[in-house]
Asker: 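Here it is, the structure in full.
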Amino acid sequence: MKSGLDLSEDVFKLFQELLIEESGLYFNKDNITFFCAAVNERMEKHKFNTYLEYYNYIKFHTNKYFELCELFDLITVGETHFYRNRPQIESLIEFILPDMIKRKTYSKDKSIRIWSAACSKGDEPYTIAMAIMEVLPSYKDWDICILGTDINRIAINAAKEAIFNKKDINQLPETLLNKYFIKRDSEYILNKSVKDLVSFERHNLATEAYSSEKMQNLDLIFCRNVIIYFDSATTKRVIESFYYNLKSDGYLFLGDTESLWQVTDKFCRSEFPQAFVYKKATTGKSKKEIVPFISIPEIKLQDYPSTKKIQIEEKTEPVNELKQLYKEAVIEFNNKKYENALSVFDKIIAQDMYNIPSYFAQATILANQEKYTEAINLLTKIIELDSLFVDAHYFLGVLLDRDNNLKGAEAQFKKVIYIDPEIVLAYFNLGNIYLCQENYNNALREYNNAVNLLGKNRDKPIKFCQDLSAENILRACKNNIQKIREKGWY
Ligand SMILES: C[S@@+](CC[C@H](N)C(=O)[O-])C[C@H]1O[C@@H](n2cnc3c(N)ncnc32)[C@H](O)[C@@H]1O
């Protein structure tokens with residue numbers, strides 16, 4: 001076993017350069033254990049005794065391509081699941097696809113072309129396929145082409161097989177799960193109707209041409225949670241190619257922590273109630289449109305909590321009645337009957353003017369309906385009632401940022417940190433705000449704060465975003481720190 005070997009700094013640097021050249025993947029010292037475990041496995045196979053021998057093999061051997069593929073299968077991070085970044089998928093279903101289908105129907109162009117680049121084991125392109133089937137019941141009369149590609153051959157084979165486990169489908173709405181999967185023991189087998197809409201190919205985004213017919217003239221490109229692993233030159237090349245492969249009104253979906261800041265200004269942000277997607281830009285874009293974005297937190301309504309007034313007056317009867325009303329409101333909310341939910345929450349508030357959860361739920365609904373001013377007013381009211389309610393400060397910060405009130409947003413994120421200094425997204429968002437204001441010293445400080453905190457709490461869930469892993473935020477912070485430093489702005 002080679003695990004006792006030391007990887008010297010010089011040899012690690014050689015590997016770093018080679019991997020950037022061959023895959024765009026940037027490894028730093030944080031990932032060295034993961035990296036060495038993969039290399040050790042390959043060295044064992046070939047009976048190499050030193051890291052340098054193995055490096056020389058993958059750098060100079062005539063068969064290096066085959067060995068590199070083996071190595072890529074081991075060193076890529078394939079974390080994915082159905083309905084990842086739910087707000088983006090909901091924007092796709094509620095706005096982007098319906099609008100696209102309307103335009104295409106009008107111009108008698110019954111084709112939809114989508115590329116899920118770096119799709120891992122297929123959860124993403126299959127989520128897109130299901131979205132199309134839901135939005136376009138006559139999809140069989142259309143020419144639908146969804147391509148999924150990935151550098152990892154094991155992932156592509158798994159994608160073609162389309163058998164998933166509980167963790168993969170956990171975030172998928174139950175109606176879609178029941179409609180499109182068959183359960184066998186602990187496995188979930190995807191229906192042929194969904195599988196038939198997607199084709200898969202192995203493709204390396206960093207080194208291979210984007211010339212396959214299925215990669216041309218695209219309506220949508222999904223390339224989520226990939227460029228955070230790339231060095232900046234590869235990211236620029238990849239995004240530039242996407243620009244040319246997209247139609248003039250095409251959209252580019254990136255991951256939550258990925259942005260085009262310091263990458264290109266050829267795209268602008270297209271905003272939807274809870275998410276944003278990049279779109280080809282027609283005019284020069286402002287900084288605000290390409291810097292990292294703060295997403296609206298996903299808020300799940302909790303059970304009926306006790307409130308100040310009821311605790312003080314100890315009224316048990318009204319509590320039961322209010323609890324029942326609250327239950328009703330949550331059901332309406334979960335069934336997306338938002339107007340009904342709003343009026344049930346109104347009834348609760350009429351009886352209990354301190355019912356913060358009801359105000360908060362109303363603020364969430366209003367924000368999702370793009371009624372930002374009303375949502376901001378409700379959140380301000382909540383903070384008047386309970387100035388230490390951290391969720392309200394965070395949410396208010398997000399909405400003020402969205403409203404371009406960066407000073408106001410900054411103040412709210414600072415309050416979040418004052419109340420709970422462990423909330424990593426508050427530092428990250430402050431970093432993004434300072435970046436936007438070109439206040440690079442402060443941005444560096446906040447990203448570093450986030451990095452330090454993540455170093456301490458790697459395995460803790462990230463409050464305010466279920467979909468973001470500590471690894472994603474860590475990489476996003478480090479990428480931004482590096483870009484700021486590369487520019488000499490510190
Ligand atoms: C974290 S997964 C993201 C999967 C999916 N897009 C999502 O957001 O759920 C990153 C994927 O990028 C792939 N990848 C890394 N480098 C790549 C490259 N140079 N070309 C193509 N795919 C690559 C990995 O194999 C991995 O499956």
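A quick note: this is a predicted structure, and the numbers were derived from the prediction, not measured. Each ligand, and each atom within it, is numbered from 1 in the order the structure gives.
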Asker: Is there a donor-acceptor pair under 3.5 Å between the side chain of Q88 and the backbone N or O of L254?
Answerer: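 A pair under 3.5 Å: yes.
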
Asker: Indicate whether the side chain of D141 and that of S138 have a donor and an acceptor atom separated by less than 3.5 Å.
Answerer: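 No donor-acceptor contact under 3.5 Å links the two side chains.
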
Asker: What residues come within 4.0 Å of ligand 1, counting heavy atoms only?
Answerer: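 Heavy-atom contacts below 4.0 Å: S23, L25, T76, V77, G78, E79, T80, R84, A118, S120, E124, D150, I151, N152, H203, N204, L205, A206, R224, N225, V226, F230.
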
Asker: Donor-acceptor check, side chain of D73 to backbone of R153, threshold 3.5 angstrom: yes or no?
Answerer: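 Yes: the side chain of D73 pairs with the backbone of R153.
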
Asker: Quick check: do K463 and V390 have side-chain heavy atoms less than 4.5 Å from each other?
Answerer: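 Heavy-atom side-chain distance check passes, below 4.5 Å.
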
Asker: Apply ring-ring contact (aromatic ring centres under 6.0 Å, His included) to Y243 and list each qualifying residue two or more places apart in sequence or on a separate chain.
Answerer: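 Partners of Y243 under the ring-ring contact (aromatic ring centres under 6.0 Å, His included) test: F267.
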
Asker: S120 side chain to G78 main-chain N or O, any donor-acceptor pair under 3.5 Å?
Answerer: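 Yes, the answer is positive, given that a donor and an acceptor are paired below the 3.5 Å cut-off.
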
